[in-house]
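Just so we're clear, the structure is a prediction, and the values are computed from it rather than from any experiment. In listed order, ligands and their atoms are each counted from 1.
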Amino acid sequence: MKIFVTRRLPDSIMARARALGAELHDSDEVLGDGARAALLHDYDAILCTLGDRFSADMFAGDLRCKIIANFGVGYNHIDADAAKGAGITVTNTPGVLTDATADLAMTLMLMALRRAAEGERMVRADAWAGWTPTQMLGQNVTGRTLGIIGMGRIGQAMARKAHYGFGMEIVFYNRSAKELDFPATQLATVADVASAADIVAIHAPGGAETKHLFDATAIAAMKPTGILINTARGDVLDEAALIDALQAGAIFGAGLDVYEEEPVVPAALRALDNVVLLPHLGSATLKVREAMGDMALDNIEAFIGGHDVPNPV
Ligand code: DGY
C-alpha cells in the first residue's frame with residue numbers, strides 16, 4: 001500500500017505516518033491541481049487537508065487510490081459522490097475538534113460584542129488617550145439570545161457553553177428536527193433565527209447544499225445591534241452581502257474565522273473596524289491537530305488492515 005500525506009502535520013503525526021511507510025509532502029504549500037490529481041493514480045491512500053480540492057473531474061478513469069482520509073471534519077473540498085462512484089472511501093475526523101471550534105466561536109462572539117480587536121488595535125497603535133466613560137462601548141453577553149444556524153456537534157457545543165456559561169437563550173435553525181438535552185427553541189427558517197437572535201453563529205457544513213444559506217435576506221432580518229459569527233465554511237455566508245451590511249452599519253458587527261476564497265480576505269472586510277478577522281483557527285490547538293492526525297491515520301490503518309473504517313463520510 002502506497003500512502004501519501006499532502007501537508008506538514010504535527011511532528012508526532014509525521015513520525016507515525018513515516019513509520020507506516022507514507023511519503024510525506026513535508027510543507028505548508030498546497031499541491032497544485034495537477035500534482036493532486038496525479039496522487040489518485042499513484043497512491044492507494046491519501047491523507048489530505050482542507051486546502052486540497054478533489055473535484056469530480058479528478059475521479060475519472062482508472063485510479064489506484066482506494067481511500068482519502070481527510071484531516072478535518074468539513075470535507076466540502078472533496079467531491080464525495082464522485083469519489084464514491086470511483087470506489088474510493090472518504091473519511092473525516094468528527095468529534096475531536098468540536099470543543100475547540102465552539103470555543104473559537106465563543107471567542108469571536110465575545111470579541112465582537114466587546115469590540116476587543118478594535119481596542120487591541122488602538123493600544124498597539126499607541127492611540128489610547130486614556131479611559132473615558134463613553135469609549136468603545138460594546139454590548140453585554142449575559143442573558144442575550146444566541147441563534148445557531150446548523151445544530152450539529154459544534155453548534156450544540158457552542159449553545160451549551162453559551163447557555164450554561166453565560167445564561168444565554170438559544171434559538172436555532174436546523175434542516176431536520178432536533179431533540180436536544182438543553183433548553184433551545186427550533187425555528188422554521190434561517191431568517192426567523194436571524195431576527196430573533198442578538199448574536200447569530202453559523203455552524204452548517206459548507207458545499208453546494210448550503211451555499212449562501214445565510215444570504216442578504218437573512219442579514220437584512222438581523223437586529224441593528226446584531227452580531228454574526230462564522231467558524232464553519234465561508235461559502236455558507238454571502239460575504240459580499242455581509243460587507244455591505246457592515247459598511248452601512250446595518251448590524252453591529254461580525255466575527256469571521258472562514259472566508260469564501262481562503263486565504264483571500266477581501267480588502268473591504270479588512271478595512272472595517274466592526275469585524276473581527278481570524279485565519280481559520282477553529283481547530284488550531286496542538287492537542288486537537290494531533291487528535292485529527294491520529295484519527296486520519298487510524299482510518300488509513302483500518303482500511304489497510306481490511307477492517308471497516310471508523311469514520312466514513
Ligand atoms: C475542519 O475540520 O473542517 C476545520 O475547519 C479544520 O480546522
Q: Would you say ligand 1 has an N or O under 3.5 Å from any N or O of G74?
A: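 Right, the criterion is met.
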
Q: Taking distance alone, with N or O pairs closer than 3.5 Å, would you say G282 contacts ligand 1?
A: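 N/O-N/O distance under 3.5 Å: no.
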
Q: Sorted by first residue and then second, give each salt bridge (Lys or Arg N to Asp or Glu O under 4.0 Å) pair with at least one member in residues 222-241; sequence neighbours left out.
A: D198-K223

Q: Under 4.0 Å from any heavy atom of R289, which atoms of ligand 1 are there?
A: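 So the atoms of ligand 1 that pass are 7 (O).
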
Q: Taking only non-hydrogen atoms of H77, do any sit less than 4.0 angstrom from ligand 1?
A: no

Q: Quick one: look at L50 and ligand 1, take heavy-atom pairs under 4.0 Å, and tell me if it's side chain, backbone, both or neither.
A: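 Within the 4.0 Å criterion, L50 contacts ligand 1 through side-chain atoms alone.
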
Q: Report the nearest protein non-hydrogen atom to atom 7 (O) of ligand 1: residue, atom name, distance rounded to 0.1 Å.
A: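 Answer for atom 7 (O) of ligand 1: S283 OG, 2.6 Å.
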
Q: Give yes if a backbone or side-chain nitrogen or oxygen of T93 is under 3.5 Å from a nitrogen or oxygen of ligand 1, and no if not.
A: no

Q: Return the orientation label for the F59 and F54 ring planes: parallel under 30°, perpendicular over 60°, tilted otherwise.
A: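 Answer is tilted, since the angle falls between 30° and 60°.
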
Q: Mark yes or no for whether E262, through its side chain, and Y259, through its backbone, hold a donor-acceptor pair below 3.5 Å.
A: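 Yes, E262 side chain to Y259 backbone: donor-acceptor pair under 3.5 Å.
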
Q: Pick one: which of N140, V141, L108 meets side chain to side chain contact (heavy atoms under 4.5 Å, CB included) with L113?
A: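 Considering N140, V141, L108, a side chain to side chain contact (heavy atoms under 4.5 Å, CB included) with L113 is found only for V141.
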
Q: Identify, with sequence neighbours excluded, every residue that meets side-chain hydrogen bond (donor to acceptor under 3.5 Å, both in side chains) alongside T189.
A: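 T189: side-chain hydrogen bond (donor to acceptor under 3.5 Å, both in side chains) contacts with D192.
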
